[in-house]
Undergrad: 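Before anything else, here's the structure in question.
Counting convention: from 1, in listed order, for ligands and their atoms alike.
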Amino acid sequence: TAHHQQDQETTTTTPITRFQQYLRINTAHPNPDYSSAISFIQSQSQLLNLTAHLFHFSPSKPLLLLTWPGSNPSLPSILLNSHIDSVPAEPSKWLHPPFSALRDPSSGHIYARGAQDDKCIGLQYLEAIRVLQSQFNYKPTRTIHISYVPDEEVGGFDGMMAFVRSKEFEGLNLGFVLDEGQASVGDEYRVFYADRSPWHVVVRAMGTPRHGSWMFDGGAVENLMRSVEVMSRFRENQLDLVKAGLAGYSDVVSVNPVYLKAGIPTPNGFVMNMQPSEAEAGFDIRFSPTTDPDLLKKKIADEWAPASRNMSFEITEKGPLRDYLGRPLMTATGNSNPWWPIFKQAVEAAGGKLSKPEILASTTDARFTRQMGIPTLGFSPMKNTTILLHDHNEVFLKDTVYLEGIKVVMMAIEGGGAGGVAGGWC
Ligand SMILES: CSCC[C@H](NC=O)C(=O)O
Ligand SMILES: [Zn+2]
Ligand SMILES: [Zn+2]
């Protein structure tokens, strides 16, 4: 009957409707709904007979680890990681509400915060496992773990960092990790073998407070502005290298001002006839693993915040720069890394093409698994897609791209395709 048919329609889910369900859970900071997201993922994983383990490295920040046991548990296992949390969204600046996961039927675009970063991969992992089980009756040789971690967007310290330092993590005996990457505007998939490292740098200036009418050397705001000028010039030079094609976007040091703070506040503004005695500015600085952090530190001390001009600075390092053996956090993408050719073959077996491996301009939880010495690639299978992470109207372009990505993940899990286990890692 018509009634019966309607019931069926509302209970039938597809990869796209499951993706939408996950996107509708508001896991944006500052109050991410981790528990609803984890319940949803767990309900999905039960259908796939995956075992689930819940960690609480911080009481309000659960971390879910799913496991698909392999037939040979003595082999190093594989981890497929994604984070549950998202950056905030400003609904008034969106075309459709950021947690509606509305699918525009004419374009296939799905609107949601987290669509690209990175709930897509979180569910593509599960969809790939679902297809491998239901259509191929596939059973992995290596154990496969899938992690859903909190806290990535605010540094990962209570999420992935705590996890990699746990006894349980050591027990996983991981050989290889896939984590998030970034969309590709072209027809090739992008893969990332390193992240840039972030420093949050506060530059402070002190100066003599003087009457607003007085021209003199060494006022605090003037001191700060001189530093801002020097840093802006460095920033422009770095950007020029990129524009001239002499360096990749992630090879240069980015220096971006994120706040300026000065002045003596009044209830409705600032005192206008006093030159204040303090001023500060905050910068997001990122540099590749090939940049010498000591040289950069020296540049900040000598040129950007020189004590001779009454300047000081504070660097907050947001994570490790070296692995446990003192090596830069880079995963080899050549024959020295036995996982690399298998990964590449897997993407190709799914009909995809990889562009030249890159360093990610931003930073992910991959730095923590690389720190442990585990080869880790950043890979979000999105091609022909505008890069919209952290932007208004973060859309997944489009549903067909999402479905194709599932196939790529499937091949990655299977370890290179070739129609079976042979030649792959599983
Ligand atoms: C500074 S560590 C926070 C990591 C964050 N990750 C995604 O955007 C980033 O800012 O790159
Ligand atoms: Zn992310
Ligand atoms: Zn992000």
Side-chain angles (χ1 to χ4, degrees), residues 22-23 26-30 32 34 37 58 61 63 79-90 98 112-125 146-164 177-184 190-192 194-202 249-250 253-259 282-289 293 314-321 329 358-371 376-382 385-396 405:
Y22 189 32
L23 291 172
N26 183 341
T27 54
H29 288 284
Y34 286 130
S58 164
K61 300 174 185 177
L63 186 155
L79 176 67
L80 310 173
N81 181 57
S82 66
H83 58 86
I84 312 166
D85 56 324
S86 305
V87 287
E90 297 170 77
R113 171 59 82 224
Q116 293 194 10
D117 179 14
D118 62 351
K119 285 176 168 169
C120 48
I121 55 169
L123 277 201
Q124 281 170 319
Y125 296 151
I146 312 101
S147 50
Y148 295 83
V149 307
D151 214 41
E152 192 275 344
E153 294 290 5
V154 291
F157 305 113
D158 288 336
M160 191 51 119
M161 189 183 87
F163 185 36
V164 302
V177 178
L178 276 186
D179 198 348
E180 65 180 312
Q182 208 177 78
S184 161
R190 299 167 75 195
V191 62
F192 301 88
D195 289 357
R196 285 201 304 176
S197 304
W199 278 357
H200 293 172
V201 178
V202 175
Y249 195 86
S250 299
V253 180
S254 63
V255 179
N256 290 315
V258 288
Y259 76 83
F283 296 86
D284 180 308
I285 296 184
R286 311 256 172 160
F287 52 95
S288 89
E314 202 178 302
I315 299 177
T316 309
E317 305 198 10
K318 307 299 270 187
L321 298 179
L329 302 178
E358 297 167 72
I359 297 174
L360 189 71
S362 59
T363 312
T364 69
D365 280 337
R367 68 198 188 286
F368 299 118
T369 50
R370 290 190 184 115
Q371 185 191 20
T376 303
L377 294 176
F379 183 68
S380 298
M382 283 178 269
T385 298
T386 312
I387 302 166
L388 288 167
L389 73 168
H390 295 207
D391 207 334
H392 305 316
N393 293 310
E394 178 177 351
V395 296
F396 199 99

Undergrad: Which is it for His83 and Asp117 under the side chain to side chain donor-acceptor pair (under 3.5 Å) test, yes or no, and what are the steps along the way?
TA: CA-CA 8 Å; His83 58 86; Asp117 179 14; 3.0 Å; yes
Undergrad: Does the pair Tyr22 and Thr27 meet the rule for a side-chain contact (heavy atoms from CB on, under 4.5 Å), with working shown?
TA: CA-CA 10 Å; Tyr22 189 32; Thr27 54; 5.8 Å; no
Undergrad: Here's a test for you: under side chain to side chain donor-acceptor pair (under 3.5 Å), which of Thr363, Thr376, Thr364 qualifies with Asp195?
TA: Thr364
Undergrad: Mind jotting down which protein residues get a heavy-atom contact under 4.0 Å with ligand 1? Chain and number order, please.
TA: Glu152, Glu153, Gly155, Pro198, His200, Arg286, Lys318, Ser362, Thr363, Arg367, His390
Undergrad: Can any side-chain N or O of Gln116 pair as donor or acceptor with the backbone N or O of Thr386 at less than 3.5 Å?
TA: yes
Undergrad: What is the name of the N/O/S atom of Glu180 that is nearest to the Zn ion (ligand 2)?
TA: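 Restricting Glu180 to its N, O and S atoms, the minimum distance to the Zn ion (ligand 2) goes to OE1.
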Undergrad: Is there a side-chain contact (heavy atoms from CB on, under 4.5 Å) between Glu90 and His392 once you walk through the steps?
TA: CA-CA 7 Å; Glu90 297 170 77; His392 305 316; 3.3 Å; yes
Undergrad: Sort by chain and number the protein N/O/S atoms found under 2.8 Å from the Zn ion (ligand 3).
TA: Asp117 OD2, Glu153 OE1, Glu153 OE2, His390 NE2
Undergrad: Show, in sequence, the C-alpha distance, side-chain angles and deciding distance for Glu180 and Leu360, and conclude whether the side-chain contact (heavy atoms from CB on, under 4.5 Å) test is met.
TA: CA-CA 10 Å; Glu180 65 180 312; Leu360 189 71; 5.8 Å; no
Undergrad: May I have the step-by-step check of side-chain contact (heavy atoms from CB on, under 4.5 Å) for Ser86 and Glu394, ending in yes or no?
TA: CA-CA 11 Å; Ser86 305; Glu394 178 177 351; over 6 Å; no
Undergrad: When you look at Asn256 and Asp284, which way does the side chain to side chain donor-acceptor pair (under 3.5 Å) test go after all the steps?
TA: CA-CA 5 Å; Asn256 290 315; Asp284 180 308; 5.4 Å; no
Undergrad: Where the side chain of Arg113 meets the backbone of Pro88, is there a donor-acceptor pair that is under 3.5 Å apart?
TA: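 Between the backbone of Pro88 and the side chain of Arg113 there is a qualifying donor-acceptor contact (under 3.5 Å).
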Undergrad: Counting only heavy atoms not in Phe157 (residues, nucleotides, ligands), do more than 12 fall under 6.0 Å from its CZ?
TA: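 Yes, the 6.0 Å shell around CZ holds more than 12 heavy atoms from other groups.
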